[in-house]
Amino acid sequence: MTTYFTKDHEYVRVEGDVATVGITDYAQSQLGDVVFVELPGVGKSYKQGAEAAVVESVKAASDVYAPISGEVVEVNAALADTPAMINEDAEGKGWFMKIKIADKGELAGLMDAAAYKAHTA
Amino acid sequence: MLNNQGRPTAAGEATASAHPTFTGNKALQVEEALLFEIGRAEVTGVDLDEPEAVKSRLGGLERKGAIGLVGLSEPETMRHFVRLSQKNYGIDTGLFPLGSCTMKHNPRLNEKMARLPGFGDIHPLQPQSTVQGGLELISELARYLMVLTGTSAVTMSPKAGAHGELAGMMAIKAAIEAKGEGAKRNVVLVPESAHGTNPATAALIGFVVKSVPARDDGTVHVEDVKALLGPDVAAIMLTNPNTCGIFEPQVVEIAKAMHDAGAYFYCDGANFNAIVGKAKPGDLGIDAMHINLHKTFSTPHGGGGPGAGPVVLSERLAPFAPLPFIRKEGEKLVMVEDASDAGSAQPFGRVTAFHGQMGMFTRALAYMLSHGADGMKQASEDAVLSANYIRAGLSDLMSIPFPDHPSMHEALFDDEWLKDTGVTTLDFAKAMIDEGYHPMTMYFPLVVHGAMLIEPTESESRASLDLFIMALRDLAMAAKKGDTARFSGAPYHAPRRRLDETRAARTPILKWTPPAPAQAAE
Amino acid sequence: MRYLPLTDQDRKAMLAKVGVADIDALFADIPADKRLKGLVDLPRHKGEAEVERILGRMAAKNVPASSVPFFVGAGAYKHHVPATVDHLIQRSEFLTSYTPYQPEIAQGTLQYLFEFQTQVSLLTGMEVANASLYDGSTGTGEAVLMAHRVTRRNKAVLSGGLHPQYAEVVKTLSHMASDTVVSAPAKPLGDEDLAALIDDQTSCVVVQNPDVFGNVRDLRPLAKACEAKGALLIAVFTEVVSLGLLESPGAMGADIVVGEGQSVGVGLNFGGPYVGLFAAKSKYLRQMPGRLCGETVDAEGKRGFVLTLSTREQHIRRDKATSNICTNSGLCVLAFTIHMTLLGEAGLTRLARINHANAVKLADMLAGVKGVEVLTKSFFNEFTIRVPGKAADVIEKLAAKGVLGGVPYSRLAPKAGLDDLILVANTEVNTDEDRAAFVAALKEVV
């Protein structure tokens, strides 16, 4: 299990062919209290970098981009009722969606934990 | 001698909350329940006689159940709304330095004129022969706007600034379509510092928005615009003076670059109040510009409207102005309401029913007549002078992101000076409330971190400006000294403390609902 | 100059503090050749009395509705507004406040917005209402755009009974946004089959009730037809008082309800400002345009109100906002809310009954005029008559006799080929004498 990061503050946790995607703890701290999340439909496919979800705080809305290409196989439906989970546990219970990875080669273009830490420093 | 018995006049140590009242009221601050908690279905404050019985001709579509409304008698209504009014801050309460919003004095002569039956009690569709004075008023206001802006056409019907933007951008789109370029010119350039309405308006009618970066001095440079120009660009939407309170020094070059590229210059006129009588936007090369009558020409903001947003147009765009418009036929004024009567004009359509915000037109013209050419120029100068006076009074304590340009009608600060104090722009704004001021515009424009945009307008006396400066200096020094409690819990003295906006958004309650009946038996 | 507190002495001292020699130094960023040297070519300032004289002369050239027998409607209605309303909306704290972005010192505005949203939601029979749009016509345009977003389709079907100027607003917006509009032809009797125009690409059907000719319509069959095809039913009204007597659009199955609130509290104002009412099913909440006020608590746990769900709006979402609207119609909302509070359930329903009864009386009187035909069978307070010859001429001749007798349909739609129709409105302000004067004048004219 390896976790990658994007410059747009998404994390990608890879387990086999499936990646769990969400926003980083740093991102949630910048956004403030999350009040709403718009998630994609299961079965939708995205190219890397496409807008896949939206996360909103009281005074900001941010697009969440698909960090890798692939098909959405599961979304975290619990976020609809408890968006606060993103603030409480962004990189755990606050995950957004699971994507079946179409091209593992794309992972090479993402950051590892150390590089992401430097990115947000 | 009066008061010689040693009665204390200072309040002592205790805070107000240490003395709760039975009612929850605090003297003149009276709590007021919701209308639906005090009203009754059977009560009415209007005396109406039951009509004679007639055979209903409603086609059997009468309402079946009750609506659920409640009413109040006249004295209760009066008290309910007076108490609500006392929980509001208005221009008449005190200095209202909301940058970009131009909270200037709202003369009451305007209100009186708008209520003349000849203006307030005429119908938009009664015969035009019976409203010649109404058409005359609209024409006269239009003439004033054209003279002040140096343009040759104006469309009066847009209902507010953003609606004016829409009308102006539609005129640009129509002109592009008329040239057969509709398919290829679909990009609109919008500086990062722009009002949110600009990109929203462009996107609404199918344009693709491209951002123009702001330079380090807070202005847009013509080279940055030229780099984005191409056969696909329809227009630029540029606010001038811009949202950082700076007059764009290269505006003439930018206009020329747009025109040379076959594109148009939409000017967001929200800040026109800084240059009325000092420069004419038409001379600067604009093709369209909306004018917020509720900012520049003193019509009241009314707690969020109604406004009015007439749009002046260059000769290139004038033929595409929407319906309706007024034409003079001999001595008669005619409101042209249908394309079939438009003659050689090619109106792009209609943006609203009827003719626009007549009530605002009357107020704006009353203001312009009162001020005259000399007064309007003086008002611009006083607004600019007052903004720079505040800037000068605070510049040693608060950081100014763009020190190289004079401010126009508003002074912009960022939150660099609050670094490491533990106080945010929001905290600072809320502490201003306790000092009896409405906060400045905060966190806008987006190009500046923790922006504080202060617009005093021309309506403040020097004593009022001085007190404001002293109050802000006191707050600034407190922040720097680490008196965070004065900020983190502010406001302490307003009718409400800080409100939980997260809760409001996570679980929206958008109307009153009757309380659940007491525990029904299962 | 009475609006400017600074004296020349103040100005001099302030310039010194700023550190510039003269005021023009502060305008240095304006290119020198574009700076105006003298004054613009407009008159100099004037005192109050002179402004009153000038504007008073203009006003005197108009014929106010209250001064004559007045039957003009078609989207704006003459109703009596209680004196309390105009007094209260001129309270400084309401009149001179801004959009309530600082809720701690704007609870007055926010609470009446919340009360307004509740009133509108009840009247329309819908789950959520916003804090207003500019007016009914622009609101209708917004409703169509919203339906496109909800359904991800882009074809709107407009009833021929929709106010022609409302239809023009929708068509203009749709043309500019490259959306499709299908317009049914105008049918004065309201006998149109809109269901037949709905297909798989239809996002919404826009139908006005009572329609522009005055016909009261049962929306239920159309609601079913919309639902079957996945299209939304947008119900429009131009006379909000009708909701005091008629089944609500929500109860008849509308998905979005939009209408003009001018009749309650606002007054005629030659067409504006008015107030757009906008309500929808709550599942479409996040696609709604305009401001929303919501309930919350403050730091001490006291109930309070804030603007909420702002991420839909232009100041946050910019080019992805649900609308570009910023300023709405705040003070007209207040006027509406106060008037509706004074009316209450009892007053509004009685007001609606009076309007209907007066209209029925007038329709019967006009039906007795030789050559005049009352076309509308079911109506609220407005109906259509057919006159011999051109309706526009009849209206002008009536005006010459001091009666404002309605709106010729040809004024709204000159090319519809319906030149002999007059829309006649009759509200609580019309007396028996007004009606008698109208009938007498009409007899002379036709």
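What you are looking at is a predicted structure, and each value in this text was computed from that prediction instead of being measured.
With a 4.5 angstrom heavy-atom cutoff, C:Lys17 touches chain B via backbone and side-chain atoms both. For C:Arg57, no part lies near chain B; criterion is any non-hydrogen pair under 4.5 Å. Contacts between C:Ile105 and chain B at a heavy-atom distance below 4.5 Å involve backbone atoms as well as side-chain atoms. Proximity to chain B (any heavy atom under 4.5 Å) is shown, for C:Ala74, by both the backbone and the side chain. Contact of C:Leu285 with chain B is made through the side chain alone, with heavy-atom distances under 4.5 Å. Heavy atoms of C:Lys377 lying under 4.5 Å from chain B belong exclusively to its backbone. Using a 4.5 Å cut-off between heavy atoms, C:Thr349 touches chain B through its side chain atoms alone. In this structure, chain B has a heavy atom under 4.5 Å from the side chain of C:Lys78, while its backbone stays farther away. The parts of C:Asn269 that come within reach of chain B are both its backbone and its side chain, each placing non-hydrogen atoms under 4.5 angstrom from that chain. With a threshold of 4.5 angstrom between heavy atoms, C:Leu173 approaches chain B through its backbone and through its side chain. C:Leu404 touches chain B through its side chain: at least one heavy atom from C-beta onward sits under 4.5 Å away, while N, CA, C and O do not. For C:Cys293, the part lying near chain B is the backbone, with the side chain staying farther off; criterion is any non-hydrogen pair under 4.5 Å. Looking at C:Ile316, neither its backbone nor its side chain comes within 4.5 Å of chain B, counting heavy atoms on both sides. Looking at C:Ser121, only its side chain comes within 4.5 Å of chain B, counting heavy atoms on both sides.
Put simply, the side chain of B:Pro508 reaches to within 4.5 Å of the side chain of C:Leu309, judged on heavy atoms. Put simply, the side chain of C:Leu122 reaches to within 4.5 Å of the side chain of B:Phe36, judged on heavy atoms. Side-chain contact between C:Gln119 and B:Leu69 is present, with heavy atoms from C-beta onward closer than 4.5 Å. Residues C:Val63 and B:Ile122 have side chains not in contact (no heavy-atom distance under 4.5 Å, counting atoms from C-beta outward). For the pair C:Leu342/B:Leu72, no side-chain contact is recorded, criterion being any heavy-atom separation below 4.5 Å from C-beta on. Counting heavy atoms from C-beta on, the side chains of B:Ser370 and C:Lys46 never come closer than 4.5 Å.
Atom CD1 of residue B:Ile509 and atom CZ of residue C:Phe305 lie 9.0 Å apart, to the nearest 0.5 angstrom. A distance of 6.5 Å separates CZ in B:Phe81 from CG in C:Leu334, rounded to the nearest 0.5 Å. C:Met58 contributes atom CE, which lies 4.5 Å from atom CD of B:Glu136 (distance to the nearest 0.5 angstrom). To the nearest 0.5 Å, atoms CD (C:Glu48) and CG (B:Leu109) are separated by 4.5 Å. Within the model, atoms OG1 of B:Thr201 and CZ of C:Arg318 stand 11.0 Å from one another, a figure rounded to the nearest 0.5 Å. Summarising the geometry, atom OG belonging to B:Ser56 is positioned 7.0 Å from atom CG belonging to C:Leu245; distances are rounded to the nearest 0.5 Å.
Salt-bridge check for C:Arg11 with B:Asp382: passed, with a basic side-chain N closer than 4.0 Å to an acidic carboxylate O. Between B:Asp283 and C:Lys34 there is no salt bridge, since none of the side-chain N atoms of the basic residue sits less than 4.0 Å from a carboxylate O of the acidic one. Taking the charged nitrogens against the carboxylate oxygens, B:Glu50 and C:Arg350 do have a contact shorter than 4.0 Å, which makes a salt bridge. The residues C:Glu300 and B:Arg497 are annotated as salt-bridged, a charged nitrogen and a carboxylate oxygen being separated by less than 4.0 angstrom. Using a 4.0 Å cut-off between charged side-chain N and carboxylate O, C:Asp86 and B:Arg115 make a salt bridge.
For the residue pair C:Glu93/B:Thr93, the side-chain donor-acceptor check at 3.5 Å is not satisfied. The closest side-chain donor-acceptor pair between C:Thr341 and B:Thr77, if any, does not fall under 3.5 angstrom. If you check the side chains of B:Asp121 and C:Ser66, you find a donor sitting under 3.5 Å from an acceptor.
Note on B:Gly489, B:Gly206, B:Pro491: by heavy-atom pairs under 4.5 Å with chain C, the leading option is B:Pro491. Interface check for chain C: of the options B:Thr130, B:Leu365, B:Val147, B:Val209, the most heavy-atom pairs under 4.5 Å are formed by B:Thr130. Between chain C and the residues B:Ile433, B:Leu48, B:Ile246, the most heavy-atom pairs under 4.5 angstrom are made by B:Leu48. With respect to chain B, the highest number of heavy-atom pairs below 4.5 Å among C:Leu331, C:Asp298, C:Val216 belongs to C:Asp298. No other option in B:Leu98, B:Leu58, B:Val46, B:Val70 has as many heavy-atom pairs under 4.5 Å with chain C as B:Leu58. Heavy-atom pairs under 4.5 Å with chain C peak, among B:Ile91, B:Leu137, B:Asp341, at B:Ile91. Of the listed residues (B:Gly90, B:Pro117, B:Gly133), the one with the most heavy-atom contacts under 4.5 Å to chain C is B:Gly133.
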Handout entry: Criterion ring pair (Phe, Tyr, Trp, His ring centres under 6.0 Å) on C:Tyr3 and B:His371, from CA distance to verdict
Key = CA-CA 8 Å; C:Tyr3 303 151; B:His371 255 327; 5.4 Å; yes

Exercise for the section: Apply the test side chain to side chain donor-acceptor pair (under 3.5 Å) to residues C:Thr296 and B:Asp500: give CA-CA distance (whole Å), side-chain angles for both, the deciding distance (0.1 Å), then the verdict. Expected result: CA-CA 6 Å; C:Thr296 187; B:Asp500 187 348; 4.8 Å; no

Exercise for the section: For B:Lys430 and C:Gln102, run side chain to side chain donor-acceptor pair (under 3.5 Å): C-alpha distance rounded to whole Å, both residues' side-chain angles, the deciding distance at 0.1 Å, then the answer. Expected result: CA-CA 8 Å; B:Lys430 297 300 184 193; C:Gln102 298 287 347; 2.7 Å; yes

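No donor-acceptor pair under 3.5 Å is formed between the side chain of B:Asn388 and the backbone N or O of C:Val18. With hydrogens and angles ignored, the 3.5 Å screen pairs no side-chain donor or acceptor of B:Glu62 with any backbone N or O of C:Leu246. Checked by atom type and distance alone, the side chain of C:Thr172 pairs as donor or acceptor with a backbone atom of B:Arg350 at under 3.5 Å. A donor-acceptor contact shorter than 3.5 Å is absent between the side chain of C:Arg353 and the backbone of B:Pro51. Although no hydrogens or angles enter the test, the distance criterion places no donor-acceptor pair under 3.5 Å between the side chain of C:Glu345 and the main chain of B:Ala41. Using modelled atom types, one side-chain atom of C:His356 and one backbone atom of B:Arg57 make a donor-acceptor pair closer than 3.5 Å. Between the C:Asp319 side chain and the B:Ala200 main chain, no donor and acceptor come within less than 3.5 Å of each other. Remark: side-chain polar atoms of B:His123 are paired, donor with acceptor, to backbone N or O of C:Ala76 under 3.5 angstrom. Under the 3.5 Å distance criterion, the side-chain polar atoms of B:Ser85 are left unmatched by any main-chain donor or acceptor of C:Arg91. At distances below 3.5 Å, at least one donor-acceptor pair connects side-chain atoms of C:Asn62 with backbone N or O atoms of B:Gly134.
Using a 30° and 60° split on the angle between ring planes, B:Phe96 and C:Tyr98 fall in the perpendicular class, above 60°. Relative ring orientation between C:Tyr134 and B:His163 is described as tilted, the plane-to-plane angle lying within the 30° to 60° band.
In the displayed structure, B:Lys64 atom NZ is contacted under 6.0 Å by more than 12 heavy atoms of other residues, nucleotides or ligands.
For the pair B:Lys278 and C:Phe27, the cation-pi criterion (under 6.0 Å, within 45° of the ring axis) is fulfilled.
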